[in-house]
*Asks:* 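Once you've had a glance at the structure underneath, I'll fire off some questions.
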Amino acid sequence: MKNKQITRKITQGMYVLTTKDGGCIVDAVSQISAGENPLIAVSVMKQNYTNERLKKNEKFALSVIGENTDSEVISVFGLRSMRDVNKFEQIEMMEVEGVPVVKNSLGYMVCKIVENYENETHTLFIGKLEEADVLEEGVPMSYAYYQDHKESLIKVKVGANQTVWVCTVCGYIYEGDDLPEDFRCPKCGVDKSFFQKK
């Protein structure tokens with residue numbers, strides 16, 4: 001028996017990954033070399049719109065999320081797609097080296113993409129660190145912390161006369177009165193039967 005729940009014990013940090021015209025929450029980030037311009041690797045789901053945008057841009061940024069980060073950052077960058085909404089208009093951002101970063105974060109790293117590798121489900125992007133700074137002190141949010149506090153970190157705001165559908169697997173939000181018949185979650189791939197109407 002293969003119990004993939006054990007992979008949740010591989011705990012790493014939580015980040016907002018951005019490029020000029022895309023952004024999402026990621027946790028598969030690693031520093032893979034040292035020196036003046038270390039290499040930083042980040043893995044992004046192929047279905048994710050940000051993956052598509054990364055392949056059309058030269059740089060990406062990683063904003064480090066703290067445990068005290070506003071839950072709206074998690075909801076906007078983790079549960080919505082820039083195919084549907086402009087995330088940069090909903091969260092306070094600033095631009096560094098031509099890439100948006102989250103203003104209210106612990107800090108950021110801006111990297112120039114030097115290589116990418118494809119596998120069945122993800123693309124591994126490797127970037128050379130070009131710019132970085134610490135914006136405030138705090139405890140970085142880990143994947144384990146996120147899993148333990150998911151209920152309080154993910155909040156779905158629904159406006160008057162607005163209907164949204166929430167994926168019960170990953171939390172992705174689809175805005176609209178009805179889900180298309182052949183709809184699949186663009187984040188985790190499950191079909192419409194896994195969505196709840198809000």
*Asks:* Applying ring-ring contact (aromatic ring centres under 6.0 Å, His included), name anything that partners F183, two or more places apart in sequence or on another chain.
*Replies:*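 Per chain and number, F183 pairs via ring-ring contact (aromatic ring centres under 6.0 Å, His included) with Y174, F195.
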*Asks:* Do you know which two heavy atoms are closest between Q47 and C185, and how far apart they sit?
*Replies:*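 Scanning both residues, the minimum pair turns out to be OE1-O, 4.0 Å.
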*Asks:* For E97, which residues count as a salt bridge (Lys or Arg N to Asp or Glu O under 4.0 Å) partner, sequence neighbours excluded?
*Replies:*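 In terms of salt bridge (Lys or Arg N to Asp or Glu O under 4.0 Å), with neighbours along the sequence ignored, E97 is linked to K59.
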*Asks:* May I ask you to decide if R184's main-chain N or O and D191's side chain share a donor-acceptor pair within less than 3.5 Å?
*Replies:*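 A pair under 3.5 Å: no.
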*Asks:* Within a strict 4.5 Å, meaning less than it, do heavy atoms of the E131 and V99 side chains meet?
*Replies:*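 E131 does not reach V99 side chain to side chain.
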*Asks:* Are the side chain of N119 and the backbone N or O of T121 linked by a donor-acceptor pair below 3.5 Å?
*Replies:*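 Between the backbone of T121 and the side chain of N119 there is a qualifying donor-acceptor contact (under 3.5 Å).
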*Asks:* Indicate yes or no: at least one non-hydrogen side-chain atom of L17 is less than 4.5 angstrom from one of F125.
*Replies:*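 Side-chain contact under 4.5 Å: no.
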*Asks:* Evaluate the criterion side chain to side chain contact (heavy atoms under 4.5 Å, CB included) for residue pair K56 and D21; output intermediate values, then yes/no.
*Replies:* CA-CA 10 Å; K56 297 183 184 300; D21 46 9; over 6 Å; no
*Asks:* Give the cluster check for M93 versus V16: same hydrophobic cluster or not, with ILVMFWY residues linked at side-chain heavy-atom distances below 4.5 Å.
*Replies:*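 Hydrophobic grouping puts M93 with V16.
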*Asks:* Take Y108 and L135 through the test side chain to side chain contact (heavy atoms under 4.5 Å, CB included) and record every step on the way to the result.
*Replies:* CA-CA 8 Å; Y108 61 83; L135 300 177; 4.0 Å; yes
*Asks:* Any side-chain heavy atom of I65 within less than 4.5 Å of one from I74?
*Replies:*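 Yes. Closest side-chain heavy atoms under 4.5 Å.
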*Asks:* On a heavy-atom basis, which atom in A61 and which in V101 lie closest, and how many Å separate them?
*Replies:*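 Minimum heavy-atom contact is CB-CG1, 3.5 Å.
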*Asks:* Answer yes or no: is there a donor N or O on one side and an acceptor on the other, between the side chain of N37 and the main chain of K128, under 3.5 Å?
*Replies:*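 No; zero donor-acceptor contacts below 3.5 Å.
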*Asks:* For K103, is the NZ atom crowded, meaning more than 12 foreign heavy atoms sit under 6.0 Å from it?
*Replies:*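 Check fails, neighbour count at 12 or below.
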*Asks:* Could you walk me through whether M14 and T69 pass the side chain to side chain contact (heavy atoms under 4.5 Å, CB included) check?
*Replies:* CA-CA 11 Å; M14 299 287 287; T69 295; over 6 Å; no
*Asks:* With Y145, which residues qualify under ring-ring contact (aromatic ring centres under 6.0 Å, His included), at least two apart?
*Replies:*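 Y145: ring-ring contact (aromatic ring centres under 6.0 Å, His included) contacts with H149.
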*Asks:* Side-chain heavy atoms under 4.5 angstrom apart, residues restricted to Ile, Leu, Val, Met, Phe, Trp, Tyr: same cluster for V110 and L129?
*Replies:*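 No, it is not one cluster - the side chains of V110 and L129 are not joined through contacts under 4.5 Å.
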*Asks:* Return all side-chain donor-acceptor pairs below 3.5 angstrom for residues 23-34, not counting sequence neighbours, or 'none' if the list is empty.
*Replies:*
residue : atom : partner : partner atom : Å
D27     : OD2  : Q12     : NE2          : 3.1
Q31     : NE2  : S33     : O            : 2.9
S33     : OG   : L39     : N            : 2.8

*Asks:* Taking atom NZ of K112 as the centre, does the number of heavy atoms from other residues, nucleotides or ligands within less than 6.0 Å exceed 12?
*Replies:*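 At most 12 heavy atoms, drawn from other residues, nucleotides or ligands, come within 6.0 Å of this atom.
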*Asks:* So if you build clusters from Ile, Leu, Val, Met, Phe, Trp, Tyr with side-chain heavy-atom gaps below 4.5 Å, do V76 and Y146 land together?
*Replies:*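 Yes, one cluster joins them.
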*Asks:* Kindly give the heavy-atom pair with the smallest separation between F60 and I40, and that separation in Å.
*Replies:*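 What the structure gives for the nearest pair is CZ-O, 4.0 Å.
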*Asks:* What's the separation between atom CZ in R53 and atom CG in N48, rounded to the nearest 0.5 Å?
*Replies:*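 So the gap between those two atoms works out to 12.0 Å.
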*Asks:* Distance-only, no hydrogens or angles: does the T19 side chain make a donor-acceptor pair with backbone N or O of L54 under 3.5 Å?
*Replies:*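 Side chain of T19 to backbone of L54: no pair is present.
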*Asks:* Quick one: pull up CG in N116 and OG in S43 and give me the separation to the nearest 0.5 Å.
*Replies:*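 Reported value, rounded in 0.5 Å steps: 11.0 Å.
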*Asks:* Take a 6.0 Å sphere around CD of Q90 and say whether it holds more than 12 heavy atoms from other residues, nucleotides or ligands.
*Replies:*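 Enclosed: over 12 neighbouring heavy atoms sit under 6.0 Å from CD of Q90.
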*Asks:* Looking at N51, V42, V44, which hits side chain to side chain contact (heavy atoms under 4.5 Å, CB included) with T123?
*Replies:*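 For T123, the side chain to side chain contact (heavy atoms under 4.5 Å, CB included) test succeeds with only one of N51, V42, V44, which is N51.
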*Asks:* Taking only residues two or more places apart in sequence, or in another chain, which ones meet F88 in a ring-ring contact (aromatic ring centres under 6.0 Å, His included)?
*Replies:*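 Testing F88 for ring-ring contact (aromatic ring centres under 6.0 Å, His included), a comparison that skips the adjacent residues, returns none.
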*Asks:* If you measure from NZ on K46 to NZ on K55, what distance do you get to the nearest 0.5 Å?
*Replies:*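 That separation rounds to 6.0 Å.
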*Asks:* A side-chain contact here means heavy atoms from C-beta on lying under 4.5 Å apart; do T50 and M82 qualify?
*Replies:*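 Counting from C-beta outward, T50 and M82 never come under 4.5 Å.
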*Asks:* When rounded to the nearest 0.5 angstrom, what distance separates OG1 in T18 from CD in E95?
*Replies:*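 The distance works out to 10.0 Å.
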*Asks:* State yes or no: do V73 and Y15 share one hydrophobic cluster built from I, L, V, M, F, W and Y residues joined by side-chain heavy-atom distances below 4.5 Å, directly or via other members?
*Replies:*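 As far as the 4.5 Å side-chain criterion goes, Y15 and V73 are not connected within one cluster.
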*Asks:* Which atoms form the tightest heavy-atom contact between L106 and G66, and what is the distance?
*Replies:*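 Closest approach of L106 to G66: CD1-CA, 3.8 Å.
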*Asks:* Go through the steps for S105 and V64 under the test side chain to side chain contact (heavy atoms under 4.5 Å, CB included), then give the verdict.
*Replies:* CA-CA 6 Å; S105 63; V64 182; 5.6 Å; no
*Asks:* Hydrophobic clustering (ILVMFWY, side-chain heavy atoms < 4.5 Å, transitive) - are Y117 and I113 grouped together?
*Replies:*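 No, I113 does not connect to Y117 through the hydrophobic network.
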*Asks:* Please determine whether a side-chain nitrogen of the Lys or Arg among E181 and K192 lies less than 4.0 Å from a carboxylate oxygen of the Asp or Glu.
*Replies:*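 Yes, E181 and K192 are salt-bridged.
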*Asks:* Under the side chain to side chain donor-acceptor pair (under 3.5 Å) test, which residues partner N68, sequence neighbours left out?
*Replies:*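 Counting only residues at least two positions away or on another chain, N68 forms no side chain to side chain donor-acceptor pair (under 3.5 Å).
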